[in-house]
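These figures come from a predicted structure and were not determined experimentally.
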Amino acid sequence: MEMKREQVKVFRLPFEKKVSCGILNDSYRWGNPLATSLEQFLWSEAFHVPLNKISEEGCVPLEFNSLREAMEKLAEEMSKLAWTLAGVLAGNLGHAGQSFTENCDGSTCFLRLNRYPPCPFSPEIFGLMPHTDSDFLTILYQDQVGGLQLMKDSKWVAVKPNPDALIVNIGDLFQAWSNDVYKSVKHKVVTNERVERYSIAYFMCPSYDSLIGSCRETSLYKQFTFGEFRRQVQEDVKKTGLKIGLPRFLL
């Protein structure tokens, strides 16, 4: 896979260069610098890039032009798939997908390149803490290593890697819009003691001022904008170390 090869190359750069050279719109993230407990410590690194920044001059140095080309192709295909899936899921509830995705475009959606290095403290350390996604839809490609787990019936279930399949997660915004018909799945990533893991995620997000309504006249949630939701999540994480999410917006 072309994107996987380019992803591996950029993550193999020295840490100092990834942090300081401004590659991919200064989007490099590592671990959790704000962790105050072992549970909050993350054994991972990522580039979290807005789609509309990928093609901007200066976002990707010339030496990584092939990385930009691979990301542009992937972003285009992921966007098409996300819109198609959103339309089908909304249609199943008797609504057009455009009713809630019209404010999702290249300036609001993201690609995230993830790497989970071998962890000598595994399995005590998370690659990603248990959480739900704060978007409409997430489309994920994971490699053959595995490590993703989903919460099902109050138990953690490992997602078996399949190189020929993508994983699609419902996000918080879709759960609110569907009035809990679709559920935002809680998931986490566990580390591997011996092998590194790579994944690529596409996040379908609206603009921050987009109002998240409901497909039903009587909603379980008060109306809120995506910006309000994000600010509340960030405030909760800062105060408690944990995301609370949709329960904050129940009527």
Side-chain angles (χ1 to χ4, degrees), residues 25 27 29 31-35 39-40 42 44 46-53 75 78-79 81-83 85-86 89-90 97 99-114 126-140 148-151 166-189 199-215 219-251:
N25 196 48
S27 64
R29 304 176 179 186
N32 180 7
L34 302 179
E39 291 76 17
Q40 297 172 18
L42 303 180
S44 59
F47 290 95
H48 192 78
V49 191
L51 299 193
N52 67 333
K53 298 294 183 181
M78 286 288 204
S79 295
L81 178 58
W83 274 78
L85 292 173
L89 291 168
S99 63
F100 65 88
T101 58
E102 58 186 5
N103 292 321
C104 301
D105 58 31
S107 65
T108 62
C109 299
F110 295 84
L111 272 186
R112 183 181 176 104
L113 312 182
N114 299 303
F126 287 120
L128 277 182
M129 288 175 59
H131 68 286
T132 57
D133 290 338
S134 301
D135 61 357
F136 279 119
L137 285 176
T138 303
I139 302 175
L140 178 76
L148 176 66
Q149 297 186 3
L150 307 180
M151 179 66 76
L166 297 172
I167 297 163
V168 180
N169 285 345
I170 298 292
D172 296 336
L173 303 187
F174 214 154
Q175 176 171 331
W177 181 85
S178 71
N179 220 31
D180 279 6
V181 173
Y182 299 128
K183 298 297 180 67
S184 183
V185 62
K186 181 176 286 189
H187 53 286
K188 66 179 180 179
V189 175
S199 68
I200 304 169
Y202 171 94
F203 298 96
M204 187 181 199
C205 303
S207 60
Y208 284 144
D209 60 356
S210 294
L211 188 65
I212 309 304
S214 172
C215 69
S219 176
L220 297 171
Y221 301 94
K222 58 187 176 182
Q223 287 196 333
F224 58 89
T225 66
F226 183 42
E228 290 171 338
F229 186 80
R230 290 283 297 169
R231 286 191 294 273
Q232 184 65 62
V233 167
Q234 291 166 357
E235 182 180 324
D236 288 335
V237 170
K238 186 175 181 180
K239 287 182 178 179
T240 70
L242 299 171
K243 173 185 172 180
I244 296 174
L246 283 179
R248 287 287 197 194
F249 295 87
L250 284 167
L251 287 171

Practice task
Report the C-alpha distance between M129 and K243 in whole Å, list the side-chain angles of each, state the deciding distance to 0.1 Å, and finish with yes or no for side-chain contact (heavy atoms from CB on, under 4.5 Å).
Solution key: CA-CA 10 Å; M129 288 175 59; K243 173 185 172 180; over 6 Å; no
Minimum heavy-atom distance between [X] and [Y], given as atom pair plus value:
X	Y	result
N179	L220	OD1-N, 2.8 Å
F224	L173	CE1-CD2, 4.0 Å
L150	H187	CD2-CB, 3.5 Å
F174	A86	CZ-O, 4.4 Å
V233	G245	CG2-CA, 4.4 Å
F110	C205	CD1-SG, 4.3 Å

Exercise for the section: Could you go through the side chain to side chain donor-acceptor pair (under 3.5 Å) check for S184 and D172 one step at a time? Expected result: CA-CA 5 Å; S184 183; D172 296 336; 2.8 Å; yes
Nearest 0.5 Å please: distance from the [atom1] atom of [X] over to the [atom2] atom of [Y].
X	Y	atom1	atom2	value
R248	Q232	CZ	CD	5.0 Å
T138	N169	OG1	CG	5.5 Å
R230	D135	CZ	CG	9.5 Å
F229	S210	CZ	OG	14.0 Å
I244	F249	CD1	CZ	10.5 Å
H48	S27	NE2	OG	8.5 Å

Exercise for the section: Would you check, one step at a time, whether the test side-chain contact (heavy atoms from CB on, under 4.5 Å) holds for I170 with L137? Expected result: CA-CA 5 Å; I170 298 292; L137 285 176; 3.8 Å; yes
Check whether any side-chain heavy atom of [X] sits under 4.5 Å from a side-chain heavy atom of [Y], and report yes or no.
X	Y	answer
D236	L242	no
S79	Y202	yes
T108	P206	no

Using modelled atom types and a 3.5 Å cut-off, is there a donor and acceptor pairing between side-chain atoms of [X] and backbone atoms of [Y]?
X	Y	result
T240	V237	no
N32	Q40	yes
Y182	L89	yes

Problem - Candidate pair N114 and V189, rule side-chain contact (heavy atoms from CB on, under 4.5 Å), full reasoning - result: CA-CA 11 Å; N114 299 303; V189 175; over 6 Å; no
Handout entry: Residue K186 excluded, over 12 heavy atoms near NZ under 6.0 Å
Key =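 Not more than 12 within 6.0 Å, no.
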Practice task
Apply side-chain contact (heavy atoms from CB on, under 4.5 Å) to the pair L246 and T132, showing each step before the final yes or no.
Solution key: CA-CA 10 Å; L246 283 179; T132 57; over 6 Å; no
